[in-house]
Amino acid sequence: MPPLRSLAMMAVISVGCSAIANSSAPYIAPYYNDKQGAISFTFDDGFQHEVDDALEIIDPLGIKGTFFLIPTRVDTIPSQSIHWDQAKSMVEHGHELGTHDAIKPRLHEIPIEQVVQKINGGGRLIEQNTGQQSVSFAMPGGSKNNPEIEAIIYEQHYFFRKSEKLPNAIKAGYGSAGKRVWDDHKTRAQIEESVSQGKWFIPVIHSVVNGYSPFKSKEEFKAHCEWVVSKEHVIWIAPLGEVGRYVYERDAATLDVTSQTSNSLTFKLTHTLQDKAVFNHPLTVVIPETGAVSAKATDASGQSLETSVKDGKILVNALPNGQTVAVTW
């Protein structure tokens, strides 16, 4: 599996109708539903109290997070880790499980055979016990990355939680340094700046209270999450693997407009990524059309697609599978 992070090309629009002016040409939105930026809440280690505290706050708000587990601890250290039945329930409720590992021993200090077992074996444990393929990986604290370890990560995982390994991403430790003092005003400003620049903000969280938590209370973290949810009109809130699928597809996609009239358009959407089973997230096609009041879209089989009209634009969420999509308004 090649490191998909190397893909940097922007989506190509191939216009099959000379009457389409550049100012009104459809395009692929930078983020799902044409949001300006994205945020993926990630939680490390999978310790019971940490997971329970996080779910208590994010579930009622509808936030879906990415929980990086230490797979070999699940069910084996009952006083600390969550159990596989809870992990499976989290998947059923829309959360993502990613592969993590304990700080000791550090990955760069052990034989490569053990590294393979920890990374790939850990990913297999998640899939075997929950049915969800582990596509995201987070390096355990204290472990150093090197080309050999990175190659092993990409054998089974697609999204490596490092700012430089993900498109236009900013990894932000929530209380990851110093005395772990929380400054909500500063963090909100960081998120707003990230969104204004069209970036993908990735918080790294351990405990909500106690341990590595910077928060004085659950209420303080809840207030922060509530503020993020209040910005959903511009921020796409989704797990790391979901945003990852979208941005990788987006950067390897071709939008081919095959015909257009004053109130209709047909297009095909494809991407060049090899693993079509993993990269199957709908992309949002934006059709600038100030006169549209309502719209509908169907694929080649006649299946209706999620379509909306917003701010003089028609938004169509379509799979990049090469099928012809017909839009009318």
Side-chain angles (χ1 to χ4, degrees), residues 1-6 40 42-51 65-92 95-166 171 173 176 202 204-207 211-212 239-242 244-245 248 273-275 277-279:
M1 179 188 306
L4 299 176
R5 61 181 174 79
S6 63
S40 298
T42 68
F43 302 87
D44 285 10
D45 299 335
F47 295 148
Q48 186 72 64
H49 73 280
E50 296 177 351
V51 172
T66 296
F67 291 80
F68 285 103
L69 306 182
I70 304 172
T72 54
R73 282 180 176 259
V74 178
D75 270 349
T76 62
I77 308 181
S79 63
Q80 295 184 14
S81 180
I82 64 170
H83 297 274
W84 284 121
D85 56 353
Q86 182 178 6
K88 187 174 182 179
S89 176
M90 290 163 65
V91 169
E92 292 169 350
H95 298 291
E96 177 190 16
L97 304 179
T99 307
H100 197 35
D101 196 72
I103 293 175
K104 296 179 181 179
R106 296 170 178 171
L107 294 179
H108 63 281
E109 297 174 342
I110 59 177
I112 201 65
E113 295 80 10
Q114 293 183 29
V115 175
V116 171
Q117 181 56 38
K118 284 178 173 290
I119 296 175
N120 293 341
R124 285 192 295 271
L125 280 173
I126 290 173
E127 185 168 9
Q128 289 166 4
N129 286 280
T130 70
Q132 184 186 74
Q133 180 180 354
S134 176
V135 296
S136 300
F137 179 84
M139 186 71 79
S143 290
K144 297 179 181 179
N145 187 30
N146 61 45
E148 194 169 21
I149 290 174
E150 186 171 320
I152 294 168
I153 292 169
Y154 284 119
E155 285 179 4
Q156 290 190 10
H157 301 84
Y158 293 83
F159 313 115
F160 185 5
R161 193 193 61 186
K162 279 184 171 290
S163 298
E164 65 273 20
K165 304 297 182 183
L166 296 167
K171 188 183 81 168
S176 60
I202 306 173
V204 177
I205 305 164
H206 290 79
S207 297
Y212 287 137
L240 187 78
E242 186 173 352
R245 284 174 167 88
Y248 277 82
L273 302 174
Q274 293 182 357
D275 197 335
V278 169
F279 291 98

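Count residues from 1 along the sequence.
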Nearest atoms (heavy-atom pairs only) where Phe67 meets His95:
CE1-ND1, 3.9 Å
Could you pull out all residues at least two apart from Val135 that satisfy side chain to side chain contact (heavy atoms under 4.5 Å, CB included)?
Glu96, Gln133, Tyr158, Phe159, Arg245, Val278
Could you list all the side chain to side chain donor-acceptor pair (under 3.5 Å) pairs where at least one residue sits in residues 102-117, not counting sequence neighbours?
none
Straight-line distance of Phe68 CZ to Leu97 CG, nearest 0.5 Å
10.0 Å
What distance separates Ile153 CD1 from Phe160 CZ, expressed to the nearest 0.5 Å?
3.5 Å
The side chain to side chain contact (heavy atoms under 4.5 Å, CB included) partners of Ser163 (sequence neighbours excluded) come to Lys171
Side chain to side chain donor-acceptor pair (under 3.5 Å) partner of Gln48, the single match among Gln86, His83, Gln80:
Gln86
Who passes side chain to side chain contact (heavy atoms under 4.5 Å, CB included) against Asn129, sequence neighbours left out?
Trp84, Leu125
Do you see a donor-acceptor pair shorter than 3.5 Å between the side chains of Ser134 and Thr99?
yes
Does Val204 form a side-chain contact (heavy atoms from CB on, under 4.5 Å) with Arg161? I'd like the steps, not just the answer.
CA-CA 9 Å; Val204 177; Arg161 193 193 61 186; 3.6 Å; yes
Acceptor/donor pairs from residues 137-149 side chains to any protein atom, 3.5 angstrom cut, sequence neighbours excluded:
{"residue": "Ser143", "atom": "OG", "partner": "Leu107", "partner atom": "N", "Å": "2.9"}
{"residue": "Asn145", "atom": "ND2", "partner": "Glu150", "partner atom": "OE1", "Å": "3.0"}
{"residue": "Asn146", "atom": "OD1", "partner": "Glu148", "partner atom": "N", "Å": "3.0"}
{"residue": "Asn146", "atom": "OD1", "partner": "Ile149", "partner atom": "N", "Å": "2.8"}

Side chain to side chain donor-acceptor pair (under 3.5 Å) filter on Ser207, not counting sequence neighbours, yields Glu50
